[in-house]
Each structure stands twice: as C-alpha cells, then as structure tokens.
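Residue numbers begin at 1 in each chain, while the letters A, B, ... track the order of the sequences. Because the structure is predicted, anything quoted here is derived from the model rather than measured.
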Amino acid sequence: MSIKTETMTLNMGPQHPSTHGVFRLLVEVDGETITKAEPVMGYLHRGSEKLAENFLYTQFIPYTDRLDYLNAMTNNYVYCAAIEKLLEWEIPERADYLRVIVMELNRIASHLVWWGTYLLDIGALSPFLYAFRDRDICLDLLNEISGARMTFNYIRIGGVKWDAPEGWVDKVKEKVKELRENIAEYDTLVTGNEIFQARTIGVGKLTKEQVINWGISGPLARASGVNIDIRKEEPYSIYDRFDFNIPTREEGDVFARYKVRIAEMYESLKIIEQACEQIDEGEIIHKKGARIMMIKPPAGEAYTRAEASKGEIGVYAVSNGKNKPYRIKLRRPSFVNVSILQDLLIGENIQNLVAIFGSLDIVLGEVDA
Amino acid sequence: MFRLLKGFGVTLNYFRKKKITIQYPDEKVVMPERFRGIHRFFPDKCIVCNMCVNICPTDVITLTGKKHPENPKKKIIDTYNIDFQGCILCDLCTEVCPTDAIVMTARYDNLSSYTRSEHFKDIEWLSNNHVYGNYEESGPVPEMGERGERK
Amino acid sequence: MSQEVLDIIVKKITEQKGDEAIEEAKLNFDEPMIILDTKNWDVKTAKLLRDDPALAFDFLSCITGVDYEEHMEVVYNFFSTTKKHSMYVKVKTTREKPSVTSVESLWKSADYMERETYDLFGIDFPGHWNLRRILLQDDWEGHPLRKDYVTDKKALGLD
Amino acid sequence: MDLLYMVLFAVVVLLGLLGGVTYAILFERKVIGWMQIRNGPNRHGPWGLFQTIADVLKLLMKEDIIPAAADRKIFVLAPILAFAPSFTVFAVLSWSDTLYAADLNIGVLYFLGVSSMTMLGVLMGGWSSNNKYSLLGSIRGVAQMVSYEIPLVLSVLGVVILSGTMNLRGIVQYQDDIGMWFIIPQFLGFVIYLISAIAELNRSPFDLPEAESELVSGYHTEYSGFRYAFFMLAEYTYAIAISAFATTLFLGGWLGPAFLPGIVWFILKMCIFMFIWFWLRATLPRARVDHLMQFGWKVLIPLALLNIVITAVIKVWMGW
C-alpha cells in the first residue's frame with residue numbers, strides 16, 4: 001500500500017529577499033526535493049530594444065547603463081563598440097586605456113556586490129558591508145571620472161566623454177593596493193570557513209557540456225572548466241597588451257564559482273595596474289565622435305561581444321544608414337544564464353535553492369531588458 | 001579544521017577600527033566637480049537652439065523662445081522647464097549645449113518632494129540653483145569648460 | 001582564415017541541401033555569414049553546423065530577430081569553443097506567417113532567446129518545447145518589435 | 001502576604017526584563033554595527049539609547065493584521081505561548097546571594113522542562129499562518145529545537161553530577177565551596193552548552209527557522225505589530241534566560257571579587273556570554289539544515305555523553 005502524496009508548489013518571488021529584484025521562481029517540491037523549477041520574468045521589462053529604434057545612436061547609451069546596472073561600463077562599451085564597428089573608426093589610444101581602466105574597476109565593483117550579497121544569502125551579515133565599503137572605493141573613482149556612481153554614461157561612440165581628471169590615474173594606482181589588501185582579508189573571513197565550504201562545495205554542479213549547450217558564459221562557465229574569456233579569445237579594445245590570467249576551475253560547483261570570481265578580481269587589479277603604467281597623453285575621442293548628434297553609420301550589421309562581469313554581453317546592431325539604429329539586439333548574459341535554473345535545480349534539495357540561485361549572479365535589469 | 005575561527009579575528013579587529021558611516025543629513029559627501037546633479041540654467045547664455053530638447057532621451061525638456069528685442073535675428077529664452085519625474089540625469093543636454101547655458105551642478109539632494117508637481121522645475125528654479133561644480137556662487141566662480149573638456 | 005571557414009560551411013551545406021540552399025554567403029566584418037531561406041533551415045542543417053568536426057559551432061551566442069518590413073529575419077550567432085571561430089546564420093522568413101525551425105533541441109541556450117524572439121516579433125519556432133511569451137505578460141496584444149506595431153500609450157497609462 | 005510578595009516580585013522581574021530586553025537588543029545592534037564598520041543606532045537619544053523604545057512604540061502602533069486564511073485562535077495564541085515559558089523560567093534563577101524568587105530543589109529540571117515549551121509557540125505560529133514559508137520555518141525550527149534539546153540537557157548533566165544537586169543556588173554555592181567555576185572542570189560541557197544554546201535560541205549561525213534570505217522571515221512572516229513584538233520579546237527573554245542559566249551553571253553565578261555586588265557580576269557574565277553570540281552572528285554564515293542535524297546528532301550528543309563519562313570518572317577519582 002502506498003500513501004498518496006502531493007507535491008507542493010512554492011512561489012519564490014516576485015517579492016523575495018533572495019531574488020535580488022523582481023523575479024519569480026516557481027518551484028515544485030516533492031518533500032524536500034525540487035522536481036520542477038520555472039523562472040518567470042519580465043517584471044522589469046522596459047522595452048530597451050524598442051526604445052533604441054527611436055533614439056539617435058548616442059541617446060541610447062544611458063539606457064545601456066540600466067541593463068546591468070552593476071556593471072554599466074561594459075554595457076556602455078559594448079554598445080559603442082558595435083556602432084564603432086559599423087563606422088569602422090579607429091579609437092584613440094588614450095581613450096582605449098581609459099575604457100579598460102574603468103571597465104575593470106567596474107568589474108571589481110560588480111564582483112564585490114556579488115560577493116557581499118551572496119554571503120548575505122548564505123546568512124553572513126558582515127561581508128556585505130565590507131564588500132560595499134570596497135565597492136565604494138571603485139565607485140568613488142568612477143564618480144570622479146564620469147560624474148555618476150552607477151549609471152555612468154561615460155563611454156562615447158569613438159572614445160570617452162571626459163579625460164581623466166588630474167591625478168586620477170595615480171589615485172587609481174594607490175587604491176588598487178588598498179583593494180588588494182582588503183580582498184585578501186575576505187579569504188581569511190570567508191573562504192576557509194567550514195560552514196561556508198560545507199554549504200558550497202559540491203552544490204549546484206554544472207558540467208562542461210551543460211555550460212556549452214546552455215550558452216552559459218562568464219565566471220559561471222569558467223568555474224566548470226570551460227576556458228572562455230572574450231578578453232583572451234578575441235581581444236577587443238586593447239586587452240591583448242596586458243598580461244593577465246583567466247582563472248578557471250574544474251569542479252563546476254558553487255564554491256568553484258566563488259573562487260573564480262575572487263581570482264578574477266585580482267586579475268582585474270593586475271590589468272588596471274598595467275594600464276595605469278602604460279597610459280599616455282593623447283586624444284580621447286575620434287574626431288567625428290564629439291559631434292554626438294551627427295553619428296550616422298553606413299548600412300550594415302554587426303555582432304559585437306565583450307566580457308562583462310556576468311558573462312558574454314553582445315550587441316547585434318543593424319543600421320540602415322539613417323541617424324537612428326534600425327535594430328539593436330542586446331545579448332544579455334544574465335538572461336541566458338538564468339535559463340539554466342530549469343535544469344540545474346531539478347533534483348536539488350530545497351535548502352540549496354538560495355545558495356545555487358545566488359551563485360548565478362543575475363541582475364534583473366539585465367534579465368528583463 | 002578550525003579555520004572558521006580566523007574569521008572571528010577579522011570581525012573583532014573591525015570592532016576597534018574607525019567607522020566609515022557618513023551621518024547623512026548632518027554631514028554630506030562632497031561630490032566631485034563632474035558630478036551629474038540637478039541642472040542649473042543660465043538664461044542669458046541660451047540661444048534657443050533646441051539642441052537639448054532634441055538630444056534628451058526622455059523628452060523632459062520643454063522650452064520656448066521669443067524674439068530678441070534689439071536684434072530680430074536672434075532669439076532669447078522665454079520659458080524653460082525640466083520635468084524631473086522623467087529626467088535620468090544623463091548629462092547629454094549639457095554635452096550638446098553650444099554655449100554652456102545648461103550645466104549640471106554637484107547637488108544631489110534637492111529633488112525629493114512629496115508631490116509629483118514639485119518635480120516640474122521651471123526656468124526660475126533652474127537658474128536659482130546656486131551650486132555649480134563644487135562651488136557656491138558666492139565663492140570663486142570657475143571659468144567655463146573647467147568641468148572637463150567639452151567637444 | 002574566415003574565408004576558409006566560409007568555404008567549408010558553404011561546401012557542407014550545399015552537399016546536404018543542394019546548390020540553391022544558400023542564398024548568399026559572404027564575410028561580414030571578417031566573420032562568415034550565410035543567408036538562407038527558412039525552408040532550407042532545419043534541424044539537420046543545424047546539426048551539421050554543430051557536429052561537423054571542421055565546424056563545431058557548439059556555442060550559440062545570440063539570436064536576433066529583425067523586421068525588414070518586406071520580410072523577417074532571424075540571425076543566429078555561433079561560436080566554436082574548440083575551433084575559436086564564429087559565424088552568422090541569417091534565416092529569412094515571410095512577414096505574413098513567420099516561421100523558423102527551432103534549434104532548441106540542439107542548443108539549449110536557444111530556449112529563452114527563441115522565446116524572446118517569439119514574444120517580441122511573433123516569429124513561430126516549430127519544434128520548441130515551450131514557446132510562450134517570456135518578457136511581456138501572457139495576454140499582451142501584438143509583438144512590439146515589429147515595425148508596424150503601434151504603441152497604444154493610452155492603454156499603457158502613459159498619456 | 002506571601003502572595004503579594006510573589007506578585008510584586010513577578011512584576012519587578014517583568015519590568016526589569018523588559019528593560020533588559022530593550023538594552024540587549026541595543027547591545028546586539030551596537031556590537032554588530034561596530035564589527036561591520038558602522039555606528040549602529042544613534043538617532044534616538046544619546047548613543048541610541050532610546051532606539052529600541054522607539055521601535056517598540058512603532059510596533060505597538062502598527063495595524064494588527066491577521067491574515068484571512070489564518071487559523072485565528074491559534075494565530076493569536078502562538079505569540080503568548082512563545083513568551084510565557086521563556087518568562088516563567090526566571091522564577092528559579094537566582095540573581096545574587098539574596099535576590100531570588102523560588103529556591104527550587106529541581107531548578108535545573110524545571111528550567112529545562114519549561115523552556116522547551118517555547119517551541120510550541122513556534123510551531124503554532126508557523127502552522128496557523130497558512131503560509132508555506134512560515135510552515136517550512138516552523139517545521140525546521142521544531143526539528144532543530146527538539147534535536148538540540150538533547151545535547152543541551154546532557155551537557156548540563158555534567159554540572160549536576162559534579163555538584164550533586166539540581167538546585168541552582170546549590171550549584172553556585174558548590175562552586176564557591178570548591179573555589180572553582182565549573183567552566184574549568186566542565187569546559188567540554190560548556191562548549192556543548194554554548195553551541196546547543198545557539199541552536200535552541202535560533203540564533204545565527206543556526207537561525208534557520210527565520211532564515212530571512214530563504215524563508216523571508218520564517219515562522220513569523222505573517223506576524224506584525226504587537227504580536228510580532230511578542231515573538232521578538234520571547235526570543236530575547238529566552239536569550240537572557242539561557243545566558244543567565246549558563247552563568248549560574250558554568251561561570252559561578254554571582255560569585256566574584258567583593259568590590260562589586262553579586263548582581264553586577266552576574267549581569268557582567270551574562271553580557272560576556274551574549275557578546276559571544278553577537279560576535280558569532282557578525283562572523284559566521286548560516287549552516288544548512290542537514291548539516292545542523294548531523295552536527296547535533298553525530299557530534300554534539302556523543303561528545304556530551306563522553307563528557308558525562310569523564311565527569312563521572314573525575315567525580316569518583318577526585319572524590320569531590
């Protein structure tokens with residue numbers, strides 16, 4: 001004789017502390033085992049791609065800020081790079097250096113937010129505040145150069161908006177040292193902690209095949225042994241001039257993702273240091289780029305991709321020769337990465353749900369565009 | 001086995017360190033010169049070219065001009081409004097302004113209000129927004145273009 | 001190098017589908033691009049791109065829908081994690097009854113991106129396991145990224 | 001006359017306790033704040049002294065919401081049932097040589113027995129809310145509290161064996177007699193007590209029943225206003241009771257150099273005990289349910305049993 005049992009549907013979100021935004025996850029649990037997971041999204045959909053069709057090319061840059069608002073510089077960059085590809089413009093060297101410095105600073109800031117909020121999900125309170133202190137170091141630097149703390153709108157088609165203020169580069173060098181010390185402290189506080197390791201090692205495993213098949217990119221992929229980093233694969237901007245490693249791990253579990261992100265912060269610091277050493281005086285924007293209302297790429301289409309903190313961010317731009325884009329498609333890493341939840345959560349224990357979900361590092365502004 | 005104990009040292013160490021909280025309404029962060037706060041408008045510099053209206057991605061700027069009393073070829077500004085409900089402080093309007101008639105100030109805390117209508121700022125409010133960069137108007141007024149190179 | 005990849009692609013597809021299959025093959029910003037009609041694009045062709053050892057496009061980066069007013073296109077951007085090359089596949093379809101074979105069974109990353117394209121363009125993807133709206137709510141009328149879509153500001157509460 | 005004295009004492013303890021809870025919360029927030037490089041509450045009164053009072057007033061003024069689908073009677077009863085036992089246990093605690101309510105022979109037993117009733121409030125609150133998160137939280141909470149009751153009791157047994165009495169005052173006097181606090185001969189017992197007490201109290205790193213990042217707020221998700229305040233009150237009263245109990249058992253109660261009165265020593269020791277909890281909360285991530293259970297059953301209980309054996313051997317050998 002068997003007892004009739006029912007599965008329970010647990011509705012996680014749209015208002016839930018661990019979804020980091022308005023995101024809904026419908027999970028069906030059989031006892032404590034998840035049998036079905038269905039992400040429901042679109043609560044933050046603003047129609048960015050539709051908006052782009054009615055904007056001048058430059059007008060859309062502030063909207064890219066609002067996709068992945070934790071890593072706005074790379075969004076700015078990849079959009080501008082796509083248009084520059086259509087225009088076939090050469091970018092002044094100094095602008096490229098400034099772009100690399102701000103993008104890497106922003107990557108650190110983004111990873112720090114992940115680190116802090118992930119530990120908050122796991123239940124540790126203090127790392128969150130330590131991470132935000134260090135993120136503030138990055139944001140203050142970015143504020144000085146771009147005039148905003150999150151929605152930078154700094155990178156322009158053909159260069160950057162402003163040159164670095166006096167003494168900024170030296171200040172960055174100084175702060176890099178400070179950041180390096182602070183991040184080392186995180187290891188003492190968290191990485192070795194047995195409770196933390198028990199919750200993360202062996203949890204939420206992603207295989208190499210899964211990663212490639214589901215189109216997962218960024219630290220998530222690299223934690224599963226897929227060594228793809230667009231900065232190395234197709235060095236965009238001037239990334240081929242720097243000496244840095246791509247941290248990869250084979251395990252594919254949550255702890256591996258944690259380690260990869262921590263290691264990536266160190267690599268970013270290395271890149272910033274080298275860029276600060278190499279940077280030279282010079283122009284900061286292409287001579288036609290300054291006239292921001294007059295940008296008119298020739299008809300054509302191009303896909304451009306870059307390595308954002310969440311993974312591969314891409315822009316598919318179609319121009320018909322007018323001053324407004326015909327079509328802008330944004331390949332948002334979080335949107336693709338979040339789809340793995342349907343597969344990854346099946347068979348997991350419900351107590352691992354938050355630990356796995358948090359490790360994906362999604363930003364809802366980016367998922368919903 | 002007891003690596004978790006090392007963490008206790010970290011937190012206890014912070015117990016004695018200096019706190020980094022900023023007591024917001026009492027002490028305010030000084031934003032860098034480039035900070036994109038609320039706009040300031042200089043009516044006498046405006047040539048009513050409509051560039052800011054055209055570039056604004058959110059269509060929050062509205063302006064009207066009238067004929068210059070002496071030179072009929074020129075125009076002077078009559079009304080100038082920004083609806084801050086929709087403004088995303090993207091700085092594009094100041095970037096395209098040929099005469100720097102609209103600039104962004106380093107002030108960030110005078111936009112909160114209880115009603116929506118208060119977000120609608122007119123020419124008078126915008127030209128009386130007496131902060132510019134890091135300087136009060138009574139202090140040294142910086143030369144134009146000091147807020148980073150334009151164009 | 002890109003030219004060689006393009007040549008291989010063209011050769012393999014014509015072997016499978018006949019000479020007329022590829023409408024146009026060119027290099028677009030140094031990356032191979034092929035343009036096909038929707039009737040020549042099926043799971044078999046897609047499987048060829050993925051499994052052929054010389055091509056090995058195992059990573060589907062991006063799916064883009066474009067409405068060209070007279071026809072519609074779905075653009076697939078592939079990347080090979082082993083061979084380190086990438087390509088564009090443009091699939092043309094009619095505007096009246098847009099339909100493109102789904103590749104969701106080969107690349108799971110197509111799951112959400114095809115749903116998104118369906119949601120915003122109304123392009124049907126036969127073979128997709130769960131083709132529903134993803135970003136807009138289920139009862140939304142129309143497909144906003146089509147060029148003839150009229151934004152009803154009143155219904156959205158904007159005007 | 002006796003009855004009047006009892007009622008009076010109860011009222012005084014209750015008021016003292018309310019004040020104690022108020023400042024325990026402030027103490028917690030300050031400690032954690034400082035460990036997180038921030039200031040902690042500082043807006044109400046000097047040094048934030050009135051912060052908790054303001055919080056409580058706010059809670060009392062809030063609308064009292066009972067969800068439509070909730071089981072009304074149980075929903076209302078649950079916070080009271082959570083609070084009552086945690087307050088009742090104060091009857092046997094002895095604050096100083098002279099300040100105590102009941103000199104009960106089986107004080108230890110009484111304390112452990114009554115305090116374990118708190119979990120009924122948790123279960124009822126979670127069940128009656130008719131919310132899946134609350135239910136999960138309360139089931140986790142009960143499982144955890146039942147499991148950790150055992151090592152808690154076993155760790156206390158060591159003290160009882162050594163002192164040969166279950167009278168809490170007797171235990172303190174015994175420590176006075178041998179001139180040594182039980183934390184030294186019973187260090188293992190103390191550690192086990194410390195850990196299982198955290199689990200008993202649902203405090204970080206074992207705060208699974210209310211794990212805010214997973215279960216929103218656990219068993220009291222649906223509670224608001226003064227009913228929520230009651231749950232908070234129960235939690236902190238119980239925290240004070242457990243640390244007072246630990247002070248009595250392991251840290252020599254009111255004993256201490258004579259320049260301060262006994263009660264001050266008692267409260268100081270309690271504060272140290274509570275500080276450790278706050279410190280833990282500021283440092284550690286949350287454990288997972290199954291690890292928590294495994295740790296309780298597979299590590300703490302065997303260790304506690306071992307401790308009893310060792311204690312018995314010492315008792316016989318040393319002839320205490």
Quick one: which of Glu53(A), Gln342(A), Arg331(A), Arg327(A) has the most heavy-atom pairs under 4.5 Å with chain C, could you say? Arg327(A)

Would you compute the distance between atom CG of Asp119(C) and atom NE2 of His45(A) and round it to the nearest 0.5 angstrom? 7.0 Å

Could you tell me whether the side chain of Lys50(A) and the main chain of Pro144(C) form a donor-acceptor pair under 3.5 Å? yes

Is it the case that more than 12 heavy atoms not belonging to Glu141(C) sit under 6.0 Å from its CD atom? no

Arg332(A), part contacting chain C, at a heavy-atom distance under 4.5 Å: side chain

Between Asp343(A), Val40(A), Val338(A), Ile216(A), which residue shows the highest count of heavy-atom pairs closer than 4.5 Å to chain C? Ile216(A)

Asp240(A) CG: over 12 foreign heavy atoms closer than 6.0 Å: yes

Which atoms of Glu49(A) approach chain C - backbone, side chain, both or neither, heavy atom under 4.5 Å: both

Go through the steps for Glu31(C) and Tyr303(A) under the test side-chain contact (heavy atoms from CB on, under 4.5 Å), then give the verdict. CA-CA 10 Å; Glu31(C) 276 171 23; Tyr303(A) 179 68; 5.5 Å; no

Side chain, backbone, both or neither: which part of Leu120(C) has a non-hydrogen atom closer than 4.5 Å to chain A? side chain

How would you list, in number order, the residues of residues 68-89 of chain C that have a heavy atom less than 4.5 Å from chain A? Tyr68(C), Glu69(C), Val75(C), Asn77(C), Phe79(C), Thr81(C), Lys84(C), Ser86(C), Tyr88(C)

Would one find more than 12 heavy atoms of other residues, nucleotides or ligands at under 6.0 Å from atom NZ of Lys147(C)? yes

Once you round to the nearest 0.5 Å, how far does CG of Asn28(C) lie from NZ of Lys85(A)? 7.5 Å

When only heavy atoms count and the cut-off is under 4.5 Å, which of residues 98-111 of chain C reach chain A? Leu106(C), Trp107(C), Lys108(C), Ser109(C), Asp111(C)

Can you measure from CD1 (Ile230(A)) to OG (Ser61(C)) and round to the nearest 0.5 angstrom? 7.0 Å

Say whether, by atom type as modelled, one donor and one acceptor occur between the side chain of Tyr326(A) and the main chain of Asp67(C) under 3.5 angstrom. yes

If you count the non-hydrogen atoms of other residues, nucleotides and ligands that lie under 6.0 Å from NZ in Lys17(C), is the total more than 12? yes

Need one label for Glu38(A): side chain, backbone, both or neither, based on atoms under 4.5 Å from any heavy atom in chain C. side chain

Applying a strict 4.5 Å limit to non-hydrogen atoms, the region of Glu301(A) in contact with chain C is both

Against chain A, work out which of Ile134(C), Leu136(C), Leu60(C) has the most heavy-atom pairs shorter than 4.5 Å and name it. Ile134(C)

Within the supplied structure, the quantity of interest is the number of heavy atoms (other residues, nucleotides, ligands) at a distance under 6.0 Å from Lys232(A) NZ; does it exceed 12? yes

What part of Arg133(C) gets closer than 4.5 Å to chain A, counting heavy atoms only: side chain, backbone, both or neither? neither

Give, for atom OG of Ser339(A) and atom CZ of Arg115(C), the distance between the pair rounded to the nearest 0.5 Å. 10.0 Å

Under a 4.5 Å heavy-atom cut-off, does chain C meet the side chain of Phe335(A), its backbone, both or neither? both

Nearest 0.5 Å, what's the CZ-CD distance between Phe59(C) and Glu312(A)? 5.0 Å

With chain C, which of Val226(A), Leu86(A), Val211(A) has the greatest number of heavy-atom pairs at distances under 4.5 Å? Leu86(A)

Give, as side chain, backbone, both or neither, the part of Ile212(A) having an atom under 4.5 angstrom from any heavy atom of chain C. both

